[in-house]
Amino acid sequence: MSLQALFAMGLPRRVVGRLAVGVAMVVSGSHALAQDVQSIPRGENGYELRIELGGVTSLEDAQEALWPHAQRLCGDRAVQYGQYRYDAIAPLAGTGTDGDRAGHMALVQALECVGDAGLHEQEAPAFVPAPLVPPTPEDEAAVRDLSVNYLSAVDEDRFADAFAMMSPSFRPIMAQGNWRETRGAFNSKVESQAVRQIVRLTWYDDPAGAPTPGRYVAADYRGDHAGGAFYCGYLVWLLQADGSYRLVRSEEGMLSGEEARRIPAGMRATVRAQLQCRD
């Protein structure tokens, strides 16, 4: 993972992600998908777009196909992509019941229409220089514990506790849209407590393209439930002046047990890749 791919200082960009950051989106081209796009209003400035995918289509291509529709909905305001999910439409590949519907899925993408002023205001975290010394094992242990505590709060619908771990600039981004509702709905469907793993930590000092210099750390994670449900994603933490870390970026994909059981074994790795799981 490259933080330069997450941040684009001074430039609007597209974010491919499950909990996308609060910046504008531009697309240099269009991979046309012939399927119709459905839109549902969500709140005063939000929408949920749904596009059916006729085969195994990358998230980037599907989001790009949604872009003209998102642009029309938002008009002169900036498009902020938010959480997304894949819906499996049975029968899928390997079921042997309907070859024309093999691999048939739908992408459901949340978006917000925001003003440029709001974007710039959100992208102004406090500047704390990156330390001259590299991160220690104690630093790594602290970030791992913090990441697990955040995931535990989200798993248990303790969203106020999760918000308390975010930077002031990130809270408005997460407060917009339907993150809490979608995650809460997923939590209500799981059959057991998640087995959480922090897959890896990647440290970045003063990364190019970040809103401010500083020490960032990306924590890739996965959570697995009995019955096949799972989620995966990453958290980006920024070192604060008091030595603590605050969440400044988050991206997550999830699949309920019912959805997971509808996916043939041969397609499961593909679906995890579509959700950008980094196992």
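What you see below is based on every heavy atom in this structure, not just the backbone, and it leaves out hydrogens, waters and symmetry mates.
Summarising the local packing, CD of Gln193 is surrounded by 12 or fewer heavy atoms from other residues, nucleotides or ligands at distances under 6.0 Å.
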message: Set out, in order, the CA-CA distance, both residues' side-chain angles and the distance that settles salt bridge (charged side-chain N to carboxylate O under 4.0 Å, His left out) for Glu48 and Arg50, then state yes or no.
response: CA-CA 7 Å; Glu48 186 175 270; Arg50 187 179 191 274; over 6 Å; no
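Considering every non-hydrogen atom in both Ala229 and Gly257, the closest pair reads CB-N, 3.3 Å. Residues Ala226 and Ser192 share a closest heavy-atom pair of N-OG, 2.9 Å.
With Arg171 contributing its side chain and Phe163 its backbone, the two residues share a donor-acceptor pair below 3.5 Å. Arg144 places a side-chain N or O within 3.5 Å of a backbone atom of Ile198 that can act as its donor or acceptor partner. Between the side chain of Arg196 and the main chain of Asp224, no donor-acceptor pair closer than 3.5 Å is present. Counting only distance, with no hydrogens or angles, the side chain of Arg200 and the backbone of Asp220 share no donor-acceptor pair below 3.5 Å. Between the side chain of Gln38 and the main chain of Asp36, no donor-acceptor pair closer than 3.5 Å is present. Without hydrogens or angle criteria, Asp139 side chain to Thr136 main chain gives a donor-acceptor distance under 3.5 Å.
Grouping the Ile, Leu, Val, Met, Phe, Trp and Tyr side chains by contacts below 4.5 angstrom, directly or via other members, places Tyr150 with Val148.
Under the 4.5 Å side-chain criterion, counting only non-hydrogen atoms from C-beta, Trp203 is not in contact with Pro134. A 4.5 Å side-chain heavy-atom check between Leu66 and Leu107 finds at least one atom pair inside the cut-off.
Both the sub-6.0 Å distance and the 45° axial angle are satisfied by Arg183 relative to the ring of Tyr231.
Separation of atoms CD (Glu252) and CG (Leu151) is listed at 7.0 Å; rounding is to 0.5 Å.
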